[in-house]
Amino acid sequence: MAASPKAVIIGGGLAGLSAAIRLQAQGYETTVLEKNSHLGGRMHQVKLGTHSFDFGPNTITMPHVFQEVLGRSGLNPEDYFQFIRIPRHTKNVFSDGSSFYFSSEPGEMMEELAKLDEKSAGNYPAYLEEVKKLYHLANKHVFYRTFSSWRDYLSTPLALGMLRSRPLENLDHFHRRFFYDERIIRAFNRYATYIGSSPYRVPATFGLIGYLELHGGVYYTRGGNHQIARGFVRAAQKLGVTFRTETDVIQAKVKDGLIREVITHGEESIQGDVFILNGDLLTQVPRLLDSSDRPSLTDRKINGYEPSISAFVILAAQNCRLPLHHHHVFFGEDPKKEFSDIFQHSRYGDDPTIYLCTSSKTDPDISPQGDNIFILINAPPLNKGGKAALDKKNVEERIYMGLNQRGINLRKGLTASEIVDPSLIAERFYAYRGTLYGPASNRGRDAFLRPFSRLGNIPNLYFVGGSTHPGGGSPMVVLGGQNAADLIVRNRGR
Ligand SMILES: Cc1cc2nc3c(=O)[nH]c(=O)nc-3n(C[C@H](O)[C@H](O)[C@H](O)COP(=O)(O)OP(=O)(O)OC[C@H]3O[C@@H](n4cnc5c(N)ncnc54)[C@H](O)[C@@H]3O)c2cc1C
């Protein structure tokens, strides 16, 4: 009997775990090498005393994507994690004190919009119809495929699909065709940040995010969203995947046009037949591969990618329960200026929009002694020299002050806190300039032409994760892991 092919995955984030499960289930002897002591990458738990926080994803959409990874490998997803739908999911609060909820129940959503503007509410069904079309185009042409070379863009259905997806209109303009109240437009425009981009520049194609949340629904995972990553690890272990944590891969050796081995920081050689890079390809390709081995991905090309936004996060453990919704957004006075500060001037907004996620509102057991408040503002990525735009104390102060002005005094009941800033994200995950989602999608070129999932000259190396196709965000990287694994299996069978 022929020996099983060996797959080596560099990075144990969601994308790597997704690929590992699929490959192992397809008969590959799979090993995951992860530099950190935890698996799951950006999706992991932080504990401050008895308070449990999600470090990364707070908003889960497309739950079927996570479930299918297990279902396709013969496992029952319910044994690994359970999703809770939150119909009335986000409270949007504006500087004039007015507010409305986002709901994935259309009737309730129209009532909420009507509180601010009847005419906008009346257009909501037409908006939903339009974003549904955008979603179906992406689902058909983009989500379930890899892009390995220019040839992959040349299919006629794909080109027609892309043209129909409003690539030349920006998201803000798209929203203004349906909604008239500035507050409503601000709330919808925030969807651009889900892919780390600006609504004034990102193609209207990404209006599909509205469909995911407002039709598909917003979910929370019982016990914390990090349970998805934990469930993936348990499933992978059950199938026989080998995990090696605290194993930093520092080199990939190419011989006769193929990678044969990777070298770890402990100078160990790990051999394989096929390799997947889950670490951010924009930082790890130049680190692991000699420039002569990557003529299509030069340092110059990598430095030309516009980074997506980063985040400044405070995890704030409270000794009490506060009047907050599970997802709660306090909008700044001038979001347009905030986006221009971040993207054009690489600086923090001085009146930033503040997002709070308090998962203890849905799941009090994970934080029994008071609320677990995750506070996030959009942050400029690190500059090319790796420097942050502002020191931590200054940003922290700006956030607490902004909340105080809205009547939320978090310092009073604070029992412990932890800060996550762009430098930490860069250092801990080797993330390109500390970004959340790799390259931004601001320019049409970057939105549709992300770095390919492979290099033309090394056929046994595949890329997964937020910097490649289909893009960043937890469901997308999980899909990317499945797509790459499927391609590997198909290519091997040829
Ligand atoms: C604060 C924050 C909030 C977010 N909010 C949301 C949200 O609400 N909803 C959502 O869907 N998404 C959200 N995201 C994005 C989401 O977390 C990511 O898109 C997703 O988790 C990325 O998974 P990944 O596998 O691509 O990368 P990672 O999670 O970065 O995994 C890559 C792994 O590779 C490892 N690695 C890298 N290089 C090497 C090497 N050379 N050797 C060994 N190991 C290596 C890294 O340590 C890392 O563990 C958020 C992210 C953050 C940080």
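No experiment lies behind these values; they were computed from the predicted model shown. In each ligand, atom 1 is the first atom listed, and ligand 1 is the first ligand listed.
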Inset, instruction - For F102 and F188, run ring pair (Phe, Tyr, Trp, His ring centres under 6.0 Å): C-alpha distance rounded to whole Å, both residues' side-chain angles, the deciding distance at 0.1 Å, then the answer. - result: CA-CA 9 Å; F102 267 166; F188 278 87; 5.1 Å; yes
Inset, instruction - Ignoring hydrogens, just give me the one of P57, G466, A379, S467 whose non-hydrogen atom is nearest atom 5 (N) of ligand 1. - result: P57
Legend entry - Closest to atom 8 (O) of ligand 1 (judged by heavy-atom distance), picking from L424, V218, T59, V32: T59
Inset, instruction - Measure the shortest side-chain to side-chain distance between N36 and F429 over non-hydrogen atoms and say whether it is less than 4.5 angstrom. - result: yes
Of all heavy-atom pairs between [X] and [Y], which one has the smallest distance, and what is that distance?
X    : Y    : value
F66  : S474 : CZ-OG, 3.7 Å
R428 : K35  : O-NZ, 2.6 Å
R398 : D350 : NH1-CA, 3.5 Å

Looking only at heavy atoms of [X], does any of them come nearer than 4.0 Å to an atom of ligand 1?
X    : answer
R287 : yes
P475 : yes
M476 : no

Legend entry - Atoms in ligand 1 flagged as close to D248, the criterion being non-hydrogen separation under 4.0 Å: 40 (C), 41 (N), 42 (N)
Legend entry - Part of Y437 within contact of ligand 1 (heavy atoms, under 4.0 Å): side chain
